[in-house]
2 protein chains.
Amino acid sequence: MAVSERGPRERMVFSAAQLIRRDGVTATGMRDVVAHARAPRGSLQHYFPGGKEQLVNEAVEWAGRYAGKRVARFLGEMSEPSPSGLFAAMARQWIDEFQTAGFTGGCPVAAATVDCADSTESTRAAAAAAFDCWNRPVARALRDMGVPEQRAGSLATLMISALEGAILIARSEQDVRALTTVAGELGPFLDGWVSRV
Amino acid sequence: MAVSERGPRERMVFSAAQLIRRDGVTATGMRDVVAHARAPRGSLQHYFPGGKEQLVNEAVEWAGRYAGKRVARFLGEMSEPSPSGLFAAMARQWIDEFQTAGFTGGCPVAAATVDCADSTESTRAAAAAAFDCWNRPVARALRDMGVPEQRAGSLATLMISALEGAILIARSEQDVRALTTVAGELGPFLDGWVSRV
DNA sequence: CGCCGACTATGACAGTCGTCATAGTAGATT
DNA sequence: AATCTACTATGACGACTGTCATAGTCGGCG
């Protein structure tokens, strides 16, 4: 996806997310971000007086919101919503990207967690918030599909965990096998919790 | 666990793995590794003429072998082996570490994947091999417990995916919730594949 | 002894990092 | 026109990074 024609500030956050998910937080330099965003270098200290930490945190928050919105979009595209269908759609998004764009990038939230969880408190918190931004709509969707209230949150966590892990494995193997496997195995199990009328 | 009294070479690989899983590959410097391992700096170019890349790869390979061996150990400790019991043991290992040592470190293989999958081919391959070293004994164990042959490999991938994802979430949240949730939800499903006599 | 291989010590190098200081432009306001 | 604010430009700084060159130590073996 091309760099959208938003303001320089948004472009920098977006570019940061893209570079982070490809190379990790530490390996992503501020100069790389402005170059990728085709933004003026001088804007860095103007828009992000908090430095790299602020930019990374905003990129992580952006990724969390993006993932949450995607869930709503997947639901809108499904004629007959089901837990397995939702999970399949989430997995398929990654399968499609890996197959068309290659295995160059993973999940930026995972990257931020791996690189900053122990060194940068604010980024760790941003990652946790991003996972929550993602978990919440998934849990709500499951509930709306008939999954018992107290199960919905747990299954949402299971879905996101399995997906994140499969993304890691797929990227290391440069093969979408892990993603298709996880979607195929977990699907029926998820549907089992739906209270059929 | 304290630095074992092996030779300097082994200590450096071990220390590299520890630092990588805490700070990521890029943020882990060679000088940090020798300091952590209390090894002479001059030994770096002697034992690892391939530079950082070689050291990181060996650390990843070490982590893969370690994870594989742990599976065998878990099985030996269980009186009545079951898929859910094995998965619970794998999750509990992380729960225990997080609760006693804090959320300072994640999985070094995940860290290597996030940081190097797109930049360092050999490390990406090492990570894939490490996942395989881990997947294989899990799949074999499932088969020995009565899981159908063609399912065993898939379920092993699902288990490792879910565990890796839960580790990420737990570390970002600084809470073992994701790990207990995943273990609790996935357990019964895994046992469902056992062919009861 | 003399030598040789394994291992260690250490300073230097070229490069990159995030950050900052300073100056400059452009546009709107008064 | 003067001025103020928003934004941009750019060079410099000190602190790193991985790697290398060179020299040194030490034990065993001929």
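Below, chains carry the letters A, B, ... as their sequence lines are ordered, and counting in each starts from 1.
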Quiz item: Could you state the OH-P distance from Tyr47(A) to dA9(D), rounded to the nearest angstrom?
Solution: 11 Å
Quiz item: Are the charged groups of Arg151(A) and Glu185(B) less than 4.0 angstrom apart, N to O?
Solution: yes
Self-check item: Value in whole Å for how far the P atom of dT17(D) lies from CG of Leu19(B)
Solution: 12 Å
Quiz item: Where the side chain of Pro40(B) is defined as all heavy atoms beyond and including C-beta, which of dT8(C), dT8(D), dT19(C) is the nearest nucleotide?
Solution: dT8(C)
Quiz item: Over how many whole Å does the gap from Phe48(B) atom CZ to dC20(D) atom C1' extend?
Solution: 17 Å
Quiz item: Does a side-chain N-to-carboxylate-O contact under 4.0 Å join Arg92(B) and Glu97(B)?
Solution: no
Quiz item: Does the side chain of Leu163(A) come within less than 4.5 Å of Trp94(A)'s, by heavy atoms?
Solution: yes
Quiz item: Closer to the 5' end of DNA chain C via nearest nucleotide, is it Val25(A) or Ala39(B)?
Solution: Ala39(B)
Quiz item: When all nucleic acid strands are considered with a 4.0 Å heavy-atom cut-off, which category describes Thr26(A): base, sugar-phosphate, or nothing?
Solution: nothing
Quiz prompt | N-O pairing of Asp144(A) and Arg140(A) below 4.0 Å | solution = no
Exercise. Rounded off to whole Å, could you give me the CD-to-C1' distance for the Gln45(A) and dA23(C) pair?
Key: 12 Å
Practice problem: May I have the distance from Lys52(B) (atom NZ) to dC20(D) (atom P), rounded to whole angstrom? | Solution: 15 Å
Quiz item: Looking at the side chain of Ser43(A), which of dT8(D), dT19(D), dG18(C) is the nearest nucleotide?
Solution: dT8(D)
Practice problem: Would you indicate which nucleotide in dG11(D), dC20(D), dT17(D) comes nearest to any side-chain atom of Arg41(A)? | Solution: dG11(D)
Quiz item: Over how many whole Å does the gap from Met12(A) atom CE to dC7(D) atom P extend?
Solution: 10 Å
Exercise. Nearest whole angstrom, please: distance from the C1' of dA23(C) to the NE2 of His46(A).
Key: 15 Å
Quiz item: Is Arg38(A) side chain donor-acceptor paired with the dT8(D) base, going by distance under 3.5 Å alone?
Solution: no
Quiz prompt | Closest contact, heavy atoms only, Gly106(A) versus Ile167(A) | solution = CA-CG2, 4.3 Å
Exercise. Give the rounded distance in Å between these two atoms: CG of Leu44(B) and P of dG18(D).
Key: 9 Å
Self-check item: Comparing Gly42(A) and Gly29(B) on DNA chain D - which has the more 5′ nearest nucleotide
Solution: Gly42(A)
